[in-house]
Amino acid sequence: MKFTEDHEWLNADGDVITVGITEHAATQLGDVVYVELPEVETKVSKGDEIVVIESVKAASDIIAPLDGEIVEVNDALADKPALVNEDAMGAAWFFKIKVESADALDDYMSEDEYKDLVGD
């Protein structure tokens, strides 16, 4: 698993990357009340804002960590956005993106490096 400075976690299964936000980010957001997910088959570029998260504290975006195509979204979040607070690192993944090569994940942080970033 890799981590971004935007508090996203990235888990590769071949050339498909599952993306979610970290427990640290979920805690900082507070109670999540709404999640807007991208459409399946949407082509995205690294840096695109593709998910909107609204909480009682603020609205936030998830940024595409890589170029690719959205191949699956977690529809459970539309019905139960609080899942982000309950299981940010598991059941509350946001989308899966198919990339040309998972080697691009090498640019992101390891778990230990991420823990250093957030002071855990």
List the atom pairs, donor and acceptor, that lie under 3.5 Å between side-chain atoms in residues 105-112 and the rest of the protein, sequence neighbours left out.
| from | atom 1 | to | atom 2 | distance (Å) |
| --- | --- | --- | --- | --- |
| Y108 | OH | P65 | O | 2.6 |
| S110 | OG | E113 | N | 3.2 |
| S110 | OG | E113 | OE1 | 3.3 |

Original post:
Is there side-chain contact between I21 and I62, with at least one heavy-atom pair below 4.5 Å?
Top reply: yes
Subject >> Heavy-atom closest contact (G30 atom, N85 atom, distance) >> reply: O-ND2, 2.7 Å
**OP:** Give me the one residue out of V19, I50, I53 that meets side-chain contact (heavy atoms from CB on, under 4.5 Å) with F94.
**Re:** I53
Subject >> Smallest separation among heavy atoms of I17 and A12, with atom names >> reply: CD1-CB, 3.5 Å
Original post:
Would you call the rings of Y114 and H7 parallel, tilted or perpendicular, where under 30° means parallel and over 60° means perpendicular?
Top reply: perpendicular
Original post:
Are any of the side-chain heavy atoms of N11 and W93 separated by less than 4.5 Å?
Top reply: no
**OP:** Write down the atom of V71, the atom of V40, and the distance for their closest heavy-atom approach.
**Re:** O-CG1, 3.7 Å
Subject >> Close side-chain approach of D31 and S55, heavy atoms under 4.5 Å >> reply: no
Original post:
So which heavy atom on A91 is nearest to which on L83, and how close?
Top reply: O-CD2, 3.6 Å
**OP:** Not counting sequence neighbours, list each pair that qualifies as a salt bridge (charged side-chain N to carboxylate O under 4.0 Å, His left out) and has a residue in residues 19-28.
**Re:** none
Subject >> Shared hydrophobic cluster, V118 / M1 (ILVMFWY, side-chain heavy atoms < 4.5 Å) >> reply: yes
Original post:
What is the distance from atom OG1 of T22 to atom CD of Q28, rounded to the nearest 0.5 Å?
Top reply: 9.0 Å
Original post:
Could you walk me through whether E8 and I63 pass the side chain to side chain contact (heavy atoms under 4.5 Å, CB included) check?
Top reply: CA-CA 9 Å; E8 298 169 3; I63 307 298; 3.9 Å; yes
**OP:** Identify the heavy atoms of V35 and P81 that sit nearest to each other, and give their distance.
**Re:** CG2-CB, 4.0 Å
Subject >> Considering all heavy atoms, the nearest V44-L66 contact >> reply: CG2-O, 4.0 Å
**OP:** Working to the nearest 0.5 Å, report the span between CH2 of W9 and OG1 of T4.
**Re:** 12.0 Å
Subject >> Single-linkage hydrophobic cluster, 4.5 Å side-chain cutoff, Y34 and V32 together >> reply: no
**OP:** Please answer: with hydrophobic residues joined when any side-chain heavy atoms are less than 4.5 Å apart, are V73 and L10 in the same cluster?
**Re:** yes
Original post:
Which pairs with one or both residues in residues 42-66 pass salt bridge (charged side-chain N to carboxylate O under 4.0 Å, His left out), sequence neighbours excluded?
Top reply: K43-E69
